[in-house]
Amino acid sequence: TLAAGALAARGAAASDTAITELPDWTRYLGEGVATRPYGHPSEFESGVVRRDVPWLTASPESSVSFTPLHDLDGIITPNGLCFERHHAGIAEIDPSKHRLMVNGLVEKPLVFTMDDLKRFPRENRVYFLECAANSGMEWRGAQLNGCQYTHGMVHCVMYTGVPLKHILNEAGLRTNAAWVMPEGADAAAMTRSVPLQKAMDDCLVAFKMNGEALRPEQGYPLRLVVPGWEGNMWVKWLRRIEVGDEPWHTREETSKYTDLLENGKARRFTWVMDAKSVITSPSPQAPLNHRSGATVVSGLAWSGNGRIARVDVSLDGGRNWRPARLDGPVLPRAVSRFYCEFDWDGSDLLLQSRATDETGYVQPSKEELRAVRGVNSIYHNNGIQTWHVRSNGEVENVEVS
Amino acid sequence: TLAAGALAARGAAASDTAITELPDWTRYLGEGVATRPYGHPSEFESGVVRRDVPWLTASPESSVSFTPLHDLDGIITPNGLCFERHHAGIAEIDPSKHRLMVNGLVEKPLVFTMDDLKRFPRENRVYFLECAANSGMEWRGAQLNGCQYTHGMVHCVMYTGVPLKHILNEAGLRTNAAWVMPEGADAAAMTRSVPLQKAMDDCLVAFKMNGEALRPEQGYPLRLVVPGWEGNMWVKWLRRIEVGDEPWHTREETSKYTDLLENGKARRFTWVMDAKSVITSPSPQAPLNHRSGATVVSGLAWSGNGRIARVDVSLDGGRNWRPARLDGPVLPRAVSRFYCEFDWDGSDLLLQSRATDETGYVQPSKEELRAVRGVNSIYHNNGIQTWHVRSNGEVENVEVS
Amino acid sequence: GPLGIGREATPEEIAAWDIDVRPDGQGLPEGHGTVAEGQTIFEEKCAACHGVFGEGEGRWPELAGGQGTLQDERPVKTIGSFWPYLSTVYDYVHRAMPFGDAESLTPDEVYALVAYLLYLNDIVTDEDFELSKDNFGTIRLPNEANFIDDPRPDTEVLKAGAEPCMKDCKAEPPRITMRARILDVTPDAGNDEENAGGSVD
Amino acid sequence: GPLGIGREATPEEIAAWDIDVRPDGQGLPEGHGTVAEGQTIFEEKCAACHGVFGEGEGRWPELAGGQGTLQDERPVKTIGSFWPYLSTVYDYVHRAMPFGDAESLTPDEVYALVAYLLYLNDIVTDEDFELSKDNFGTIRLPNEANFIDDPRPDTEVLKAGAEPCMKDCKAEPPRITMRARILDVTPDAGNDEENAGGSVD
Ligand SMILES: [Ca+2]
Ligand SMILES: [Ca+2]
Ligand SMILES: [Ca+2]
Ligand SMILES: [Ca+2]
Ligand SMILES: [Ca+2]
Ligand SMILES: [Ca+2]
Ligand SMILES: [Co+2]
Ligand SMILES: [Co+2]
């Protein structure tokens, strides 16, 4: 619909000197090719960075820094902006010295170099990685004012890697094999228990992200990819895979990554990341710069159970919904981008997005989640996010009745 | 099939100190989070860079640097490694001062700021961009020893942008509009003539690549995207779009980017990039590190006319072919990744790949192309590439009978 | 079948990396240590971060206490109050602690530290208690039985063909019930709020 | 319909950027210049790169000559031998030259330079010839008629359901007929071959 006021205001104005005075970049040569063998963003984009919140953790080596979702679009996260979650800082590994060992319930325990791994058949898949602790700070209520902080422990890249099944078959699985245990080469040496069926299904031993080698922060030179499952299982700096008949009940699936309920019981092996969505723009770090008229709401949706089927957007805090437009490739266990274009009348808004995945699972409200989980389960907060948009374009993280 | 010799050689060996002596990265903390607000690759990947060939051009400001295809995988080119082709160096534009003007055969000539453009509906699409001069050095024969140089004027990213049709409709097209002319804000102020049908079909006015703002080398803050058509039309640092009833016959579509034939005539407006493929590994810069057994051939295929339908690989210089495996998403007017896994007997190979697209067009041999075009057309060399693989794993760019 | 890639691992190589310990005891090395020995090591190598009594120093995690608090508003989850298996303590202390000097402890030292952690958590009460490979399996942690399997999905799943609610999904127009506690998190504007509580796990 | 985004451009703004010139003369500004005037400007602002006679200096491009060479083994493509339209010369010189000082020339200067470029290419022979907006359309370049439309595809296209050749596609086993001329292009090994000829367009 037409914003009549905006059109009327669009009459002749004073000339803009940004046009009438030719800028230097239109007159004079810039830097030549190969002055930047590995390029970097424009200096004008220097605000587009990962950020951490120092008081969230004891030390930066066991901590997190968040993806600036509000500044991004599409479904690919640039490699330099993928959130970090380390437990002993970033291992800086010499790939010529890195080894992958497979041992345990196998016919032959094996050792591979990086060159060896590149001789296996490989695949390329776009997958999201979300830490189960994403949005964990928001369980009790609206805490941090920005989607970078409320939802920034997620990223999505194209991985290149060897299906784990090829590597396990190379070692030869014993008949009583039922679990695998990936282990990292960093000083946290993280371990998790992965059921064999998942390992043989779609897990990858990956060495590239978005076309180039893994970044050190994402596990260079090798990491496990466990599509749709919690990020903690995607062991970085992968050095070993043990095959066993029972789970190991490691620290990262007992002390941590178990979901404590109101009744004192805790769920374990809560692997899948349920369907989730968030509006990335407008958001507190991405306020609106206009006051009415054509407005684009942009956001991400994802599900560990497959493809996103639909995303709905509400402007009134979840009372009424309209379907959003899924744009670009909609891939299973990857993020999908959605948009909602509308004609803003300039009044306050309570924006929400709600994802539904191909299994029919509907992203719940935070109240629905709390009713089932309580407020102390820490992990798997996939509740609907509400942003309060004011008439002046500012945006705040809120909860609503 | 089994490489029996390789298995026999796989018996117990001396222990590797890379395993038995724990490396420092397994003992001691690494750098914490947020020490790299915008991350960069591992220092061990410092060889993965764009490269130029200084003697190819008069000056680095009007020159090219090539994508290191041999080091990449999947279908996404990392932003920092996308080839450059500039005519007056890299414009460094302040986005707050950048404007997009639409004038000519329109109801109302308009000016947009970057904020304005983000209020239009937008799309995300993965597209290859290939310069028509890619492989131009190879018309007369095998020249440069590496696919980075023979084929490196191509990249593939996900663009976020506004369909050009929305912007043209905002200005309102006059009934005799038939062409549009994009123009750049750099000191080359490049212009091309784009037929209106293409402009209204799938062209985008893009501001993001792989999720973040365009890189300065790729036209920050705004560029045109002309899916499947020669890269020169994808005007960078886009400042203006004029609408007209006739083409402008600019320097970039007359003096350059016309294809001179043997009979002295020159083809003009040769827009589409025909189907093409190349094996990126093994290749001269990516020799084989083993001497026999399981071997992966990896490469890229793309077509400006839509999707790649199949890729075939030959080990004997095009005499016999086998189908390669297309892996991951196969998207129209994007690169597709193909693989051919085979059991190498260690003998010399003459590797070729041959793409066929969804229209039935088959990538021609260089001889077939020369028979039609001669050797002086400079552009649109999409001929089949041959790599000679020696028993010692080294690879050379060759031509064959 | 196999492609002939890689080579067989040597027993020495496997021994160097095969450090995991399972609840059934698989992976436990030979060794032993007493609570008293563990206290000495703990005070030298661990207490600076975890506190002399495992109560945690500053932001470093606590290792003891919290039993019976799991249904409190602020549960305290430690080895004694929450962890299901003692094997996890051995496994984790050996592979990851001390923070900054991983895999530096000998098996005897780890057994001693684990014994001391049991003592701090009142699971053993005798300072002379000795933990070893042989008696390891006899120790059960108090919260072992309180873990359940994942029952999800645990909220709405539509039947095939159904749509989620689109109109009048709430009886009343929603009101704002809470606003962001930490309004300005961006580190660059100099007005960040400090230590608003909470942590990331 | 329109969404109400953006604002109308002012005539002054359009005039600042609307610099394109078409073969039918649309976009040519008022102005004029002679061959002799153009020679003075060319020698001051252009000859250092393009040569006093437009023959090119070093690697900088040549602007004159090459007529009749288009079917040679090494064609020489210049304004006189190859370009179809004079408007392109005006348009390009004004927007992009001198290299490093774009859009610095006045219309009179551009007309004069274009006149001189015509002279260097033997398309005009009188040094007193004056080029202006009024007579611009009377000048035709020699190669105008030799451009043809794109006829592609111009190699094999399979019929629906057909496969490309897969077996015995060549009568004889292929022989290597040529090896890479420039074996080592990577700039880092210090043994790069210099100036093997050819350029990128
Ligand atoms: Ca073990
Ligand atoms: Ca005690
Ligand atoms: Ca701040
Ligand atoms: Ca014009
Ligand atoms: Ca002359
Ligand atoms: Ca070299
Ligand atoms: Co979980
Ligand atoms: Co062309």
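Since we're looking at a predicted model, the values are computed, not measured. Only this structure's heavy atoms are used, side chains among them; waters, hydrogens and symmetry mates stay out. Throughout, a chain's letter reflects where its sequence line sits, starting with A, and its residues are numbered from 1.
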Name the region of D:Asp72, side chain, backbone, both or neither, that has any atom closer than 4.5 Å to a heavy atom of chain B. backbone
So, for D:Gly6 and B:Phe112, which heavy atoms are closest and what is the spacing to 0.1 Å? CA-CD2, 3.6 Å
Other residues, nucleotides, ligands: >12 heavy atoms within 6.0 Å of D:Arg140 CZ: no
SB check B:Arg267 D:Asp149 (cutoff 4.0 Å): no
Which of residues 152-160 of chain D get closer than 4.5 angstrom to chain B, counting heavy atoms alone? D:Arg152, D:Pro153, D:Asp154, D:Thr155, D:Glu156, D:Val157, D:Leu158
For B:Ala58 versus D:Arg59, what's the shortest heavy-atom pair and its separation? CB-O, 3.4 Å
Ring-face cation of B:Arg251 near D:Tyr92 (centre distance under 6.0 Å, axis angle within 45°): yes
For B:Arg140 and D:Glu73, what are the C-alpha separation, side-chain angles and deciding distance, and is it a side-chain contact (heavy atoms from CB on, under 4.5 Å)? CA-CA 11 Å; B:Arg140 297 194 117 82; D:Glu73 190 180 339; 3.3 Å; yes
Flag the one option from D:Asp168, D:Ile14, D:Asp18 with the top tally of heavy-atom pairs under 4.5 Å to chain B. D:Asp18
Which residues satisfy the disulfide (SG to SG under 2.5 Å) test with D:Cys169, sequence neighbours excluded? D:Cys165
If you apply the rule side-chain contact (heavy atoms from CB on, under 4.5 Å), what do you find for D:Glu163 with B:Thr356, and how did you get there? CA-CA 9 Å; D:Glu163 253 201 1; B:Thr356 303; over 6 Å; no
So which atom in B:Leu144 and which in D:Ala180 form the shortest heavy-atom distance, rounded to 0.1 Å? C-CB, 4.5 Å
Show the nearest heavy-atom pair for residues B:Arg239 and D:Ile19, with the distance to one decimal. NH2-CD1, 3.9 Å
Contact class of B:Arg85 relative to chain D, heavy atoms under 4.5 angstrom: side chain
Using every non-hydrogen atom in the two residues, find where B:Glu183 and D:Trp17 come nearest and quote the distance to one decimal. OE1-O, 3.5 Å
Answer yes or no: is there a side-chain heavy-atom contact under 4.5 Å between B:Ser255 and D:Thr88? no
Under the side chain to side chain contact (heavy atoms under 4.5 Å, CB included) test, which residues partner B:Ala88, sequence neighbours left out? A:Leu29, B:Asp186, B:Ala187, B:Ala188
Using non-hydrogen atoms and a limit below 4.5 Å, what part of residues 26-52 of chain D faces chain B? D:Gln26
Start with the C-alpha distance between B:Glu396 and D:Ile176, add both sets of side-chain angles, then the distance that settles side-chain contact (heavy atoms from CB on, under 4.5 Å), and finish with yes or no. CA-CA 11 Å; B:Glu396 188 180 6; D:Ile176 293 173; over 6 Å; no
Ignoring hydrogens, what is the shortest heavy-atom contact between D:Asp91 and B:Thr191? Give both atom names and the distance. OD1-OG1, 4.5 Å
